[in-house]
*Asks:* 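Input: one structure, supplied below.
First the proteins, then the strands, lettered A, B, ... as listed; each starts at 1. Reckoned from all heavy atoms, side chains included, excluding hydrogens, waters and symmetry mates.
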Amino acid sequence: MSVVTRFAPSPTGYLHIGGLRTALFSWLTARHHGGTFRLRIEDTDLSRNSEEAMAAILRAFDWVGLSYDGEVVYQSQRFDLYREYIDRLLEEDKAYRCYMTREELDALREAQIARGERPRYDSRYRDFTGTPPAGVNPVIRIKAPQEGTIVIDDGIKGRIEIAAEEVDDFIIARSDGTPTYNFVVAIDDALMEITDVIRGDDHLYNTPKQLVIYGALGFTPPRFYHVAMINNEQGKKLSKRDGATDVMEYKARGFLPEALLNFLVRLGWSHGDQEIFSLEEMIELFDPRDINKSASSYNLDKLLWLNAHYIKAKPDAELIELLKDFGVDLSDHPKASAILAATRERGKTLVELAGQIRLITEVPAAYDEKAVKKAFKEDTVELLKDFSFRLYKNQPESQEDFHVEMQRLVEEREIGFGKIGMPLRVSLLGSMTGAGMDEVMAILGVDETIARIERAIGELGVRN
RNA sequence: GACCCUUUCAUCUAGUGGCCAAGGAUGCUGCGUUUUCAUCGCAGUCACAGAGGUUCAAAUCCUCUAAGGGUCGCCA
């Protein structure tokens, strides 16, 4: 039988990285088996739906490149279908109407909590045959088993037994007739023929309820895999306060989707000592049974390291495209590949890389104070003038030509490399760090190099 | 409070009774390469939550304790 997995978000907000990881795990499981990956939107609570959130989730999927099969299923469009199953359960006496009001329910809950009990519905209308109270729109509850145990055979956590008493006759249809979450999930997973349900372990307690539905309707349950949560760097639950939890925020911050995916796949899953996984390798090697039981913590340093790795490996043409979103357009630049060669190892994100590139392509807007202090000494101006005259006279072109010019200067004048290197660097880039000087000069060309040196002398020369 | 889950370096993890005086990666520190920074290379740093068992032998099996987390809705 072919494998079918799904990702089933509710459209109440953007896609966060925890959600993306479970989506990735589900996607990989399907792709590994050449199966099917479906997307389903859990929007049964009509009051909480958001078009915008829906679109945001789809955008995030698109950015990271997770493809889904078939049409997106919207639960809000399947209410008639769910109704049929509710009627069937009612007919078969596997579900019943409950006339308790919200107020009565609240009172019951409070009393139970006060007594130190686990709050649960007391099944008072389970076998009710009398005259229903007037003016109450009933909810519909399922008859859950009252004794025995419900067993979850989880692909990650192993066998989990839950006492039947823990699962009450939960509501499957609200008083307005709309079906509830646990009910529709079970129906849809069954009808969509989902074979492997991979979801966050915050859903672990929903599983016995869904198993009750499967049982009542005679469906065969799928395999379940409950993945532990991702915590923040302090080991606490990831929340919006922890910075970028929105997947699209990573795009804005200059992360590559392959880095994010590689980072996420290693959170709770591994394959020996391997750290770097292409999408193809992930698909080949991933098995949900290898997912770890314990929660893992988000770690920005590792993500940054991976991002740097993928930036280094990115072909020029693709990098040039990506950089456009960060205010750098190298597409018509004759020295584009030289610029990237000089800078790509100096940026952990596209934002940083764009900054490094601008250092070269734009005339320094300011000169770093500390750098100036350190680099500009008494004889600096004279030295720079000498160097720039040599450039004018010899017209070097290649990186090597420029290197030779520097080499000759330090040899003939018997000075250290730093003597010219530092002030030159400050003059050209405005900063003490960055790409190699010969590289930069070859990119700028003689004229621009001289112009920047002269400008720096004009701005800084008189100060010391 | 009840029920359930989890527990190896700071972090992600390898590990399913002997190959483990615990391996890899990130981070951090140092050294080397580099005119600088970064990259890269090398080295160092750092862990089996605790206590009892079982066994010739335990990170691995059992029991208890502790700590962390999840869930208890006419939300999903």
Side-chain angles (χ1 to χ4, degrees), chain A residues 8-12 42-45 47-48 75 98 100-102 105-106 109 112-120 137-141 152 154 156-158 160-163 165-168 170-178 180-182 184-185 200-206 208 226 228-229 231 233 235-237 263 266-276 292-306 308 312 342-348 352 356 371 374-375 403 406-407 410 416-422 424-426 429 431-438:
Chain A
S10 60
T12 50
E42 318 248 283
D43 53 356
T44 51
D45 186 355
S47 63
R48 299 215 313 180
Q75 293 186 322
C98 166
M100 256 181 113
T101 63
R102 285 168 208 263
L105 225 32
D106 288 343
R109 244 193 302 273
Q112 286 167 329
I113 291 170
R115 270 180 272 136
E117 294 168 16
R118 181 186 169 82
R120 65 193 291 283
N137 283 328
V139 299
I140 295 167
R141 291 179 180 274
I152 306 168
D154 192 87
I156 295 171
K157 311 238 183 216
I160 298 165
E161 292 185 18
I162 310 253
E165 302 88 71
E166 294 296 323
V167 180
D168 64 6
F170 60 95
I171 293 172
I172 59 173
R174 303 182 182 92
S175 49
D176 66 1
T178 58
T180 60
Y181 172 77
N182 281 118
V184 297
V185 167
D201 73 358
D202 49 339
H203 285 286
L204 193 57
Y205 250 77
N206 290 321
H226 287 96
M229 304 277 91
N231 295 324
E233 302 195 58
K236 299 286 177 193
K237 193 179 177 182
F263 171 69
R266 284 285 290 100
L267 238 41
W269 177 84
S270 60
H271 182 258
D273 288 341
Q274 188 170 345
E275 295 289 346
I276 306 293
N292 288 164
K293 293 177 175 182
S294 55
S296 41
S297 288
Y298 174 89
N299 177 224
L300 185 63
D301 282 327
K302 191 133 184 186
L303 173 58
L304 246 13
W305 172 73
L306 282 164
K312 278 184 275 180
T343 53
R344 71 191 312 150
E345 285 174 359
R346 282 164 236 272
K348 285 188 194 303
E352 287 179 15
Q356 287 291 329
K374 201 168 176 194
H403 185 76
M406 290 182 75
Q407 197 71 46
V410 299
F417 237 114
K419 204 83 179 151
I420 181 65
M422 285 200 290
L424 191 57
R425 176 176 302 285
V426 173
L429 303 178
S431 138
M432 194 70 138
T433 63
M437 282 298 92
D438 43 11

*Asks:* Distance check, P atoms only: B:U39 and B:A25, in whole angstrom units.
*Replies:* 16 Å
*Asks:* Only counting residues at least two apart or in another chain, list the ones meeting side chain to side chain contact (heavy atoms under 4.5 Å, CB included) with A:Glu165.
*Replies:* A:Ala163
*Asks:* Base, sugar-phosphate alone, or nothing: which one does A:Asp176 contact when heavy atoms must sit under 4.0 Å apart?
*Replies:* nothing
*Asks:* Within the 4.0 Å heavy-atom criterion, would you say A:Arg120 contacts the bases, only the backbone, or no part of the nucleic acid?
*Replies:* nothing
*Asks:* Report which part of the nucleic acid A:Ala435 touches: base, sugar-phosphate, or nothing (heavy-atom distance under 4.0 Å, all strands).
*Replies:* base
*Asks:* Given the C1' atoms of B:G18 and B:C61, what is the spacing between them in whole Å?
*Replies:* 15 Å
*Asks:* Please classify the nucleic acid contact of A:Lys312 as base, sugar-phosphate, or nothing, using heavy-atom distances under 4.0 Å.
*Replies:* sugar-phosphate
*Asks:* Just checking A:Met229: base, sugar-phosphate only, or nothing, at a heavy-atom cut-off of under 4.0 Å?
*Replies:* nothing
*Asks:* Hunt down the Watson-Crick or G-U wobble partner of B:C42, both distances under 3.5 Å, from any strand shown, or write none.
*Replies:* B:G30
*Asks:* Could you tell me how far B:G27 sits from B:U60 if I compare only their P atoms? Round to whole Å.
*Replies:* 31 Å
*Asks:* Please find the earliest and latest nucleotides of RNA chain B, in the 5' to 3' direction, that have an atom within less than 4.0 Å of any heavy atom of chain A.
*Replies:* B:G1 to B:A76
*Asks:* RNA chain B: A:Gly268 or A:Glu117, which has the more 5' nearest nucleotide?
*Replies:* A:Glu117
*Asks:* Would you classify A:Gly200 as touching base, sugar-phosphate or nothing, given that sugar-phosphate means primed atoms plus P, OP1 and OP2, and contacts are heavy atoms under 4.0 Å?
*Replies:* nothing
*Asks:* Is A:Arg344 reaching over with its side chain to a backbone N or O of A:Gly347, donor-acceptor style, under 3.5 angstrom?
*Replies:* no
*Asks:* For A:Glu275, which contact category applies under a 4.0 Å heavy-atom criterion: base, sugar-phosphate, or nothing?
*Replies:* base
*Asks:* Distance check, P atoms only: B:C9 and B:G15, in whole angstrom units.
*Replies:* 16 Å
*Asks:* Taking atom C1' in both B:A76 and B:G68, what distance in whole Å separates the two?
*Replies:* 25 Å
*Asks:* Tell me the partner of B:U6, counting only Watson-Crick (N1-N3 plus N6-O4 or O6-N4) or G-U wobble (N1-O2 and O6-N3) with both under 3.5 Å; none if nothing fits.
*Replies:* B:A67
*Asks:* List the steps and the verdict of side chain to side chain contact (heavy atoms under 4.5 Å, CB included) for A:Glu42 and A:Val185.
*Replies:* CA-CA 8 Å; A:Glu42 318 248 283; A:Val185 167; 3.2 Å; yes
*Asks:* Return the nucleotide paired to B:U54: Watson-Crick means purine N1 to pyrimidine N3 with N6-O4 or O6-N4, wobble means G-U with N1-O2 and O6-N3, both under 3.5 Å.
*Replies:* none
*Asks:* My understanding is that only residues two or more places apart in sequence, or in another chain, count here; which of them pass side chain to side chain contact (heavy atoms under 4.5 Å, CB included) with A:Asp176?
*Replies:* A:Arg174, A:Thr178
*Asks:* Can you name the closest pair of heavy atoms from A:Met432 and A:Met422 and give their distance?
*Replies:* CE-SD, 3.3 Å
*Asks:* Rounded to whole angstrom, note down the C1' distance from B:C42 over to B:U8.
*Replies:* 27 Å
*Asks:* List in chain and number order the residues that pass side chain to side chain donor-acceptor pair (under 3.5 Å) with A:Lys302, two or more places apart in sequence or in another chain; answer none if no residue qualifies.
*Replies:* A:Glu275
*Asks:* Please identify each residue that fulfils side chain to side chain contact (heavy atoms under 4.5 Å, CB included) with A:Ser175, with sequence neighbours left out.
*Replies:* A:Arg102, A:Asn137, A:Val139
*Asks:* Tell me the partner of B:C20, counting only Watson-Crick (N1-N3 plus N6-O4 or O6-N4) or G-U wobble (N1-O2 and O6-N3) with both under 3.5 Å; none if nothing fits.
*Replies:* none
*Asks:* Has A:Glu117 got a side-chain atom pairing as donor or acceptor with A:Pro119's backbone, closer than 3.5 angstrom?
*Replies:* no
*Asks:* Categorize A:Leu204 for me: base, sugar-phosphate, or nothing, with a 4.0 angstrom heavy-atom threshold over every strand shown.
*Replies:* sugar-phosphate
*Asks:* Assign A:Ser10 to base, sugar-phosphate, or nothing according to its heavy-atom contacts below 4.0 angstrom with the strands shown.
*Replies:* sugar-phosphate
*Asks:* Output all residues satisfying side chain to side chain contact (heavy atoms under 4.5 Å, CB included) with A:Arg425, sequence neighbours left out; order by chain, then residue number.
*Replies:* A:Leu429, A:Met437
*Asks:* Determine the contact category for A:Ser294: base if any of its heavy atoms lies under 4.0 Å from a base atom, sugar-phosphate if only primed atoms, P, OP1 or OP2 are that close, otherwise nothing.
*Replies:* sugar-phosphate
*Asks:* Looking only at atom P, what distance separates B:G24 and B:A43, rounded to whole Å?
*Replies:* 10 Å
*Asks:* Using both distances under 3.5 Å as the test, list the Watson-Crick or G-U wobble partner of B:G1, or none.
*Replies:* B:C72
*Asks:* Both distances under 3.5 Å, Watson-Crick or G-U wobble: report the partner of B:U11, or none.
*Replies:* B:A25
*Asks:* Judged by each residue's nearest nucleotide on RNA chain B, which is more toward the 5′ side, A:Gly436 or A:Arg141?
*Replies:* A:Gly436
*Asks:* Please state the P separation for the pair B:A59 and B:A51 - nearest whole angstrom.
*Replies:* 13 Å
